[in-house]
Amino acid sequence: MERFNNKKILLSFLLAIPFFFGGFIPNETMMPAFRMKKIVLDAGHGGKDPGNLGSKSKEKDINLAVTLLVGKYIKENMPDVEVIYTREDDSFPTVYERPKIANVNKADLFVSIHSNAAANKSAFGTETFVMGTKHFEANFDIVKKENSVILLEENYEENYEGFDPTSPESYMMFNLMSKAYIENSLTLADHIETQFRDRVGRKSRGVKQGPFYVLWTPSMPSVLVELGFLSNTEEEKFLMSQEGKEYMASAIFRSIKAYKEQVEIN
Ligand SMILES: [Zn+2]
């Protein structure tokens with residue numbers, strides 16, 4: 001009989017919990033939903049650093065034109081998203097400053113836009129990188145090339161605390177990037193490469209990982225887009241054309257829009 005009473009007391013206590021804690025039991029609907037409010041767009045290189053050189057073009061100019069178009073499309077179509085550029089002209093923000101602009105502004109996303117080149121003139125196609133060290137040795141040439149811009153900067157030793165772009169051991173620090181941000185970065189990178197391939201008809205060389213210093217944004221997802229090879233005559237011609245730039249920029253814009261919708265649901 002006593003046991004029965006205990007059970008009854010316990011039962012009424014359990015039933016009463018929702019009344020005591022009514023509005024205070026945390027649930028998913030009470031968590032503020034994630035909103036992508038701020039994006040940093042980074043046109044690679046600039047100023048004294050031209051980046052890769054095509055026969056008629058400089059990487060820094062192609063990167064800037066496409067980046068400004070991506071920003072324009074975002075501003076026109078996603079008024080709730082603030083766009084911050086690391087450069088809007090032919091200036092030279094350091095590789096150290098670029099992700100810092102994103103980190104200081106507490107941005108939700110960082111997109112760095114570049115153009116490729118290779119000794120093999122027949123190489124062409126797009127590729128999108130996320131921060132990572134997995135199999136990066138295979139891409140070490142491009143990783144080293146992009147990171148070596150650092151050596152053009154004054155106070156390089158001071159700002160990068162001993163980071164040596166030419167030494168593979170230096171890249172171990174990048175393993176600290178959060179897994180969740182890498183997954184979100186991969187989601188965006190997949191959208192971008194799919195858009196380039198299916199909507200613009202480019203050859204996609206795929207989504208890859210690389211420890212690019214400029215992607216060092218430990219508090220947000222980040223990607224580095226390579227629009228194509230300036231060393232390839234056909235691809236250079238396409239990227240130099242206004243139509244080519246608009247196609248590439250709108251593909252990146254649509255990817256960001258799809259990414260935003262996806263992460264805001266989850
Ligand atoms: Zn570049």
Side-chain angles (χ1 to χ4, degrees), residues 40-71 85-102 110-121 123-132 136 138-153 156 160 163 165-166 171 174 185 188-189 192-193 196 202-217 222-232 235-236 238-240 244-245 248-249 251-252:
V40 171
L41 297 178
D42 173 48
H45 311 274
K48 64 179 172 184
D49 166 27
N52 288 311
L53 298 172
S55 60
K56 297 190 186 80
S57 63
K58 290 183 181 129
E59 183 191 346
K60 63 174 185 176
D61 300 327
I62 307 264
N63 299 346
L64 180 63
V66 172
T67 302
L68 293 177
L69 280 172
V70 175
Y85 297 105
T86 57
R87 69 177 177 104
E88 287 179 79
D89 53 24
D90 191 24
S91 55
F92 176 65
T94 62
V95 172
Y96 170 78
E97 281 164 337
R98 294 168 194 259
K100 203 175 156 197
I101 290 171
F110 180 83
V111 178
S112 188
I113 296 177
H114 291 252
S115 311
N116 232 328
N120 173 8
K121 303 253 181 281
F124 71 103
T126 65
E127 48 199 13
T128 300
F129 287 87
V130 305
M131 172 62 88
F136 86 97
N139 307 308
F140 194 56
D141 273 352
I142 164 169
V143 167
K144 201 164 60 179
K145 198 162 64 183
E146 295 288 7
N147 285 331
S148 293
V149 175
I150 290 170
L151 304 173
L152 290 175
E153 299 171 13
Y156 138 72
Y160 297 91
F163 172 76
T166 60
Y171 291 92
F174 296 126
S185 307
L188 174 63
I192 293 173
E193 285 303 312
F196 283 162
R202 309 311 298 167
K203 179 196 171 191
S204 168
R205 300 163 65 97
V207 172
K208 298 173 181 178
Q209 292 199 9
F212 294 94
Y213 198 99
V214 77
L215 294 181
W216 186 232
T217 55
S222 53
V223 300
L224 184 146
V225 181
E226 294 282 359
L227 298 168
F229 286 73
L230 301 181
S231 45
N232 180 285
E235 202 151 46
E236 181 187 28
F238 172 74
L239 290 173
M240 282 182 75
K245 291 184 185 102
M248 296 308 271
I252 297 171

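Atoms within each ligand, like the ligands themselves, are counted from 1 in listed order.
Between I101 and Y85 the shortest side-chain heavy-atom distance does not fall below 4.5 Å. Inter-residue side-chain proximity for L69 and M248 is flagged as unmet; no heavy-atom pair is nearer than 4.5 Å.
The salt bridge (charged side-chain N to carboxylate O under 4.0 Å, His left out) search around K208 returns E127, not counting sequence neighbours.
Remark: side-chain polar atoms of S115 are not paired, donor with acceptor, to backbone N or O of L227 under 3.5 angstrom.
Each protein N, O or S atom less than 2.8 Å from the Zn ion (ligand 1) was counted, giving 5.
From L230, atom CG reaches atom NZ of K58 across 12.0 Å, with rounding to the nearest 0.5 Å.
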(request) I would like to know whether E97 and T86 meet side chain to side chain donor-acceptor pair (under 3.5 Å); could you show each step before the answer? (result) CA-CA 8 Å; E97 281 164 337; T86 57; over 6 Å; no
